Amino acid sequence: MRIPFLLERATSAQQQQNKRTIMGTRYNFRENEEKWQKAWRQASLFKAKEESPKYYVLEMLPYPSGRLHVGHARNYTIGDVIARYKHACGFSILHPMGWDAFGLPAENAAIQHGVHPKTWTLENVRLMKEELLSLGFSYDWDREILTCSPDYYRNEQKIFLDFLKQGIAYRKKSFVNWDPIEGTVLANEQVIDGKGWRSGAPVERRQLFQWFLKITDFAEELLDDLSNLDHWPEKVKTMQAKWIGKSEGARILFPLIEKNETLEVFTTCPETLFGASFLGISPDHPFVEGLAKSIPALQTFVVECRASGTSQKDIEMAEKKGFNTGLTVQHPFIKDLTLPLYVANFVFADYGTGIIFGCPAHDSRDYEFAVKYKLPILPVIKASHDENLPYEGEGILINSDFMNGMTVNEAKKEIIGRLESKKLGSKETSYKLRDWGISRQRYWGCPIPIIHCPDCGVVPVPEDQLPVILPQDVTFDQPGNPLDAHPTWKYVVCPKCNGAAERETDTFDTFMDSSWYFARYCSPHSSQPFVKEEAEFWLSVDQYIGGIEHAILHLLYARFFTKALRQCGYWDLKEPFQNLLTQGMVCHETYRDLAGTWLYPDEVEKRNGFFVKVSDGTPIKIGRSEKMSKSKCNVVATEKIVQEYGADTIRLFMLSDSPPERDFEWTDAGIEGSWRYINKLWRLVTSRLSDLNSIKKSEIPQDFTDKAKEIRKLTHKTIAEVTQDIERFHLNRYIARLREFSNALEDFLPSDSSEYWVLNEALHTLVLLFAPALPHLAEALWAELGQAPFIYDQPWPQSDPMWVQEETITLAIQVNGKMRGTVEIQPHLKEEEIKALILSVPTVKAQIKEKIIKKFIYVPGKVANVVL
RNA sequence: GCGGGCGUGGUGGAAUUGGUAGACACGCCAGACUUAGGAUCUGGUGGCGCAAGCCGUGGGGGUUCAAGUCCCUUCGCCCGCACCA
């Protein structure tokens with residue numbers, strides 16, 4: 001196998017293409033795909049019409065990163081199959097496409113290559129759109145959206161102002177990753193091992209005023225409504241539910257001994273209170289801030305804790321550290337017991353109350369902490385079997401006074417009751433979900449429509465002054481946000497008092513842009529974000545398709561926006577995406593040279609059986625297959641593949657091997673195999689055309705020969721099975737069944753008029769069933785079969801149940817659960833008759849010999865098991 | 001660290017509710033055709049065994065007449081963790 005097939009084969013493929021045309025036996029994809037794409041465009045075939053029944057197919061909004069890679073191609077091929085299939089089933093389709101055009105990579109390109117983010121982005125969009133067009137997807141391009149256009153973001157600014165009116169948007173102080181050398185805020189991905197990716201300086205957490213959306217107000221609804229999303233993968237619903245993280249617990253008051261103050265603790269395990277050995281408070285808690293003023297060592301400790309990025313992962317994986325404040329609190333139920341108060345780096349300020357009580361015996365983090373600081377570890381829950389500490393499972397309470405002998409649930413109720421009657425605490429529901437911080441200290445995003453006035457404070461930009469346009473004349477030659485450094489843009493007059501004021505220079509998180517785009521597609525040219533009636537006609541999305549990596553954030557934010565927009569009166573919609581398909585990633589082998597540098601597939605080739613670098617012939621190392629990513633160079637651009645093999649071949653390959661939800665392995669052999677099959681299909685249909693000319697196609701024959709019956713049965717069985725496969729997104733099986741079908745047709749050489757009729761029906765069916773997957777080839781073959789365009793508008797074939805039924809059933813025979821052969825039976829046979837039949841089978845007789853039959857199990861139509 | 005998944009031949013994967021493991025392909029092997037071509041066609045292909053048969057779904061254990069599928073445990077890999085999108 002030659003790896004650098006792309007360049008070399010492109011030439012040979014072209015030569016072959018010529019030969020094929022002359023010979024007339026090969027499918028000319030180049031000519032054909034161009035021809036049909038043009039015809040579709042001229043007929044405005046994919047223009048969405050507001051007619052019932054409707055079907056909205058949506059693939060996740062792509063970021064215009066440069067070139068279309070095969071991961072995109074997979075996502076859109078799946079969507080296109082669904083869209084075309086549903087259209088054939090009689091639905092009016094909305095199938096749009098657009099661009100998630102704001103974001104960090106454009107700014108990085110600006111810094112690295114000196115190209116303006118807008119120029120870079122628009123060029124990428126141009127290239128990627130060209131490639132999308134070449135793949136023949138059924139998009140309604142009249143509805144294309146571009147999130148970086150003022151037309152789009154003006155509406156986003158309006159939505160934000162409405163959120164502000166409704167109290168959904170608010171401002172508070174929050175931490176960012178601060179690079180002290182660059183003097184800029186870094187994204188989490190720009191922090192590597194706690195250091196800035198460019199400067200290498202240790203990152204610190206710094207507080208800034210930022211805008212937030214109150215997603216927590218919707219926590220309960222976001223959780224409850226998950227149960228209505230019947231066609232979402234269970235794993236995604238589970239992940240979202242855990243992310244929202246609702247927990248019933250208690251708020252407990254601990255009076256400080258040394259001060260006349262009380263600390264409030266939130267815990268999900270109040271029943272372990274008698275095992276408490278310390279209180280842990282977050283270094284970012286306001287109480288600590290006050291305390292640190294008088295304790296310099298604590299001040300130092302807090303700074304140390306902040307010497308890392310904001311990422312949850314980094315904070316949680318950091319070594320547990322504590323600072324003993326010297327303060328103590330009173331245990332609510334044990335008079336003589338006081339607990340030390342530690343500032344602890346593993347306690348989060350924004351979960352619960354920011355203070356915990358540590359019960360080392362039953363929490364692994366508390367346990368680690370207690371061992372380190374030599375704090376008592378008292379077990380209060382006894383497991384049914386001996387368990388090592390820390391033990392976090394169910395059990396019976398011990399060492400807990402009035403709760404001894406209770407189960408965990410009983411004890412929870414009991415202690416909350418007692419806390420409430422003593423006025424030392426109360427039952428409390430808490431969520432892990434935090435409010436959504438939407439401010440970004442960056443240029444290439446939607447400007448936040450806010451003005452800061454020294455007299456009036458925070459003033460929203462009046463709606464008639466929208467959009468707040470992002471200025472173009474910026475440079476990236478200094479640290480920080482170019483909007484901050486802009487000489488004029490941010491200086492404005494206050495809309496309230498006409499005094500001198502300044503614009504907010506932060507921009508929105510780009511997740512904002514993708515949280516409502518599905519609604520914009522419904523009214524892409526409206527002066528409002530969308531028209532209620534149009535949005536409510538099309539939404540919710542009937543089938544949403546995208547990567548599993550968006551299981552939580554994007555999908556949760558979009559669900560939240562839907563509910564927040566309802567609160568603002570935009571619509572009555574509850575959920576944006578009725579059905580969700582999360583597709584797996586596309587993987588490819590990785591290559592490195594001797595120096596360990598990653599190489600692209602076309603920098604590698606096989607010479608004399610060894611893989612070497614094309615440029616200098618030195619050996620290379622082949623790594624295992626990994627998710628395609630630019631950083632590992634194992635990406636395959638669709639453009640070259642389309643040029644060499646055509647759109648239908650790449651589409652076929654994307655559908656063939658793996659089921660959509662699993663990872664997909666890209667191989668050169670696989671694309672070759674698909675190309676061969678495309679030609680096989682072309683030959684199968686075109687070589688039989690002359691056979692079909694003589695027959696009267698409209699008249700169903702009175703009698704069918706056995707051979708004709710067999711093929712007709714297969715035809716109708718295939719329709720039924722393929723339909724079910726597509727409905728269930730078993731798209732690889734959909735293709736596999738059609739291959740089986742076409743294999744059978746290749747062997748079918750008709751000789752009787754009923755057989756010709758059946759062949760005609762079978763070929764028409766085959767082409768119709770393939771049409772969603774291979775639209776260009778299907779249009780071409782449809783025309784070859786003498787039919788008028790477009791196959792796109794043809795109804796989906798219906799299977800005749802009479803022809804799907806089997807006359808006999810193959811029954812599996814087992815002896816003691818082991819397979820011993822099969823037997824053909826009539827479906828109407830009774831169990832006794834079947835038993836007699838099976839006991840007469842030689843292989844069964846050989847197993848039974850003299851033994852006694854203890855049991856006979858018969859599962860109708862499936863299996864019979866003789867138990868000895 | 002926490003949360004969620006996945007694991008089947010040389011390879012990608014098939015296998016309603018537990019009921020014929022390996023569909024359909026890729027690859028490989030053998031043959032046919034042929035102006036030798038990465039074209040096309042035919043046959044074979046989980047492992048062991050001459051065969052009967054035995055063994056096989058990451059490893060170990062369990063439930064069941066019956067386990068790829070259910071339960072426990074263990075290993076490996078992947079996704080997400082709130083400023084990548």
Side-chain angles (χ1 to χ4, degrees), chain A residues 1-2 5 9 12 16 19-20 25-26 60-63 65 100 103-105 176-177 185-191 233-236 238-240 242-243 245 309-318 346 364-365 432-442 509-511 514 547-554 556-557 582 584-585 587 624 626-627 656-659 662-665 667 669-670 672-674 676-677 679-680 683 724 730 732-733 735-740 743 746 810-814 816-822 846 854-857 859 861-868:
Chain A
M1 180 182 65
R2 259 180 86 84
F5 62 93
R9 285 205 199 137
S12 77
Q16 280 183 24
K19 203 155 86 187
R20 277 164 205 148
T25 57
R26 291 298 192 298
M60 285 181 184
L61 190 66
Y63 181 79
S65 53
D100 190 14
L104 204 48
V176 293
N177 298 311
V185 176
L186 299 179
N188 280 343
E189 74 157 5
Q190 298 174 316
V191 179
E234 275 312 312
K235 61 178 169 183
V236 175
T238 311
M239 278 190 266
Q240 291 216 351
K242 299 255 179 183
W243 183 263
T310 57
S311 133
Q312 199 83 352
K313 185 185 169 187
D314 290 345
I315 295 169
E316 279 184 51
M317 286 179 74
F346 65 95
S364 51
R365 285 165 307 176
K432 281 211 181 76
L433 184 68
R434 307 198 302 257
D435 277 340
W436 174 15
I438 51 167
S439 297
R440 297 291 180 271
Q441 295 70 40
R442 298 192 216 304
D509 177 6
T510 56
F511 269 127
S514 54
I548 183 68
E549 64 272 23
H550 296 292
I552 297 176
L553 292 180
H554 161 62
L556 194 65
Y557 291 152
T582 51
M585 271 152 310
C587 303
R624 62 186 183 82
E626 291 188 64
K627 172 189 173 179
S656 297
D657 279 354
S658 301
R662 276 228 229 169
D663 285 355
F664 182 92
E665 178 73 23
T667 60
E672 280 282 347
S674 293
R676 281 202 295 270
Y677 183 68
N679 281 299
K680 206 169 160 178
R683 276 196 305 275
Q724 203 177 56
H730 296 170
N732 54 329
R733 262 198 336 201
I735 300 299
R737 289 203 210 275
L738 288 182
R739 291 181 94 129
E740 270 180 275
N743 285 347
E746 282 198 326
T810 311
L811 194 68
I813 308 172
Q814 300 182 340
N816 282 339
K818 266 186 192 292
M819 275 296 298
R820 295 293 167 190
T822 59
K854 284 188 195 146
K855 216 174 179 181
F856 180 78
I857 291 156
V859 182
K862 281 186 180 154
V863 71
N865 189 5
V866 182
V867 185
L868 302 174

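Keep in mind that what you see is a predicted model, and the values were worked out from it rather than measured. Note on naming: letters A, B, ... go to the chains in the order of the sequence lines (proteins, then strands), and numbering restarts at 1 for each one.
A:His550 pairs by the ring-ring contact (aromatic ring centres under 6.0 Å, His included) definition with A:His554, not counting sequence neighbours. Checked against ring-ring contact (aromatic ring centres under 6.0 Å, His included), A:Phe664 has the following partners two or more places apart in sequence or in another chain: A:Phe653. Partners of A:Tyr557 by ring-ring contact (aromatic ring centres under 6.0 Å, His included), not counting sequence neighbours, listed by chain and number: A:Trp436, A:Phe511.
Looking at heavy-atom distances under 4.0 Å, A:Val863 makes contact with a base. Nucleic acid contact class of A:Thr810 (heavy atoms, under 4.0 Å, all strands): base. In this structure, A:Leu738 reaches neither bases nor backbone, as no heavy-atom distance under 4.0 Å exists between it and the strands shown. Among the atoms of the strands shown, none is found under 4.0 Å from any heavy atom of A:Met60. Using a 4.0 Å heavy-atom distance criterion, A:Val176 is classed as a base contact. As judged by a 4.0 angstrom heavy-atom cut-off over every strand, A:Gln441 is placed among the base-contacting residues. Nucleic acid contact for A:Ile857: base, since at least one base atom lies under 4.0 Å from a heavy atom of the residue. Using a 4.0 Å heavy-atom distance criterion, A:Phe511 is classed as a base contact.
The closest side-chain donor-acceptor pair between A:Thr310 and A:Asn177 falls under 3.5 angstrom. No side-chain donor from either of A:Asp663 and A:Ser658 sits under 3.5 Å from a side-chain acceptor of the other.
When distances are taken from the side chain of A:Thr822 to each of B:U20, B:C41, B:A82, the shortest belongs to B:U20. In the set B:U20, B:G13, B:A85, B:U20 carries the atom at the smallest distance from any side-chain atom of A:Gln814.
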Identify each atom pair where a protein N or O and an N or O of nucleotides 27-36 of chain B are less than 3.5 Å apart, giving names and distance.
residue, atom, partner, partner atom, Å
B:G27, OP2, A:Arg676, NH2, 3.2

Protein-nucleic acid N or O pairs under 3.5 Å, nucleotides 2-9 of chain B:
residue, atom, partner, partner atom, Å
B:G4, OP1, A:Lys242, NZ, 3.1

Pairs under 3.5 angstrom, nitrogen or oxygen only, protein versus nucleotides 54-57 of chain B, please.
residue, atom, partner, partner atom, Å
B:C54, OP1, A:Arg820, NH2, 3.2
B:C54, OP2, A:Arg820, NH1, 3.4
B:C55, OP2, A:Lys818, NZ, 3.0

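Taking the nucleotide of RNA chain B with the nearest heavy atom to each of A:Leu104 and A:Pro659, the more 5' of the two is matched to A:Pro659. Position along RNA chain B of the nearest nucleotide to A:Gln312 versus A:His550 favours A:Gln312 as the more 5'-ward residue.
When Watson-Crick and G-U wobble pairs are counted only if both distances are under 3.5 Å, B:C24 pairs with B:G12. B:G31 is paired with B:C41 under the criterion used here, namely a Watson-Crick or G-U wobble arrangement in which both key atom distances are under 3.5 Å. Here B:G3 sits opposite B:C79 as a Watson-Crick or G-U wobble pair (both hydrogen-bonding atom distances under 3.5 Å). Nucleotide B:A85: unpaired (no Watson-Crick or G-U wobble partner with both distances less than 3.5 Å). The partner of B:C50, taking Watson-Crick or G-U wobble pairs whose two distances both stay under 3.5 Å, does not exist in any strand shown. Using the Watson-Crick or G-U wobble rule with both distances under 3.5 Å, B:A67 pairs with nothing in any strand shown.
Within the 3.5 Å criterion, the main-chain N or O of A:Phe346 finds no donor-acceptor partner in the side chain of A:Glu316. Between the A:Gln190 side chain and the A:Ala187 main chain, a donor and an acceptor come within less than 3.5 Å of each other.
The side chain of A:Thr510 contributes an N or O atom lying less than 4.0 Å from OP1 or OP2 of B:A85. Here A:Asn679 does not reach the OP1 or OP2 of B:A39: none of its side-chain N or O atoms lies under 4.0 Å away. Checking the phosphate oxygens (OP1, OP2) of B:A25, a side-chain nitrogen or oxygen of A:Asn743 falls inside 4.0 Å.
Counted within 6.0 Å of CZ on A:Arg820, heavy atoms from surrounding residues, nucleotides or ligands total more than 12; the atom is thus considered enclosed.
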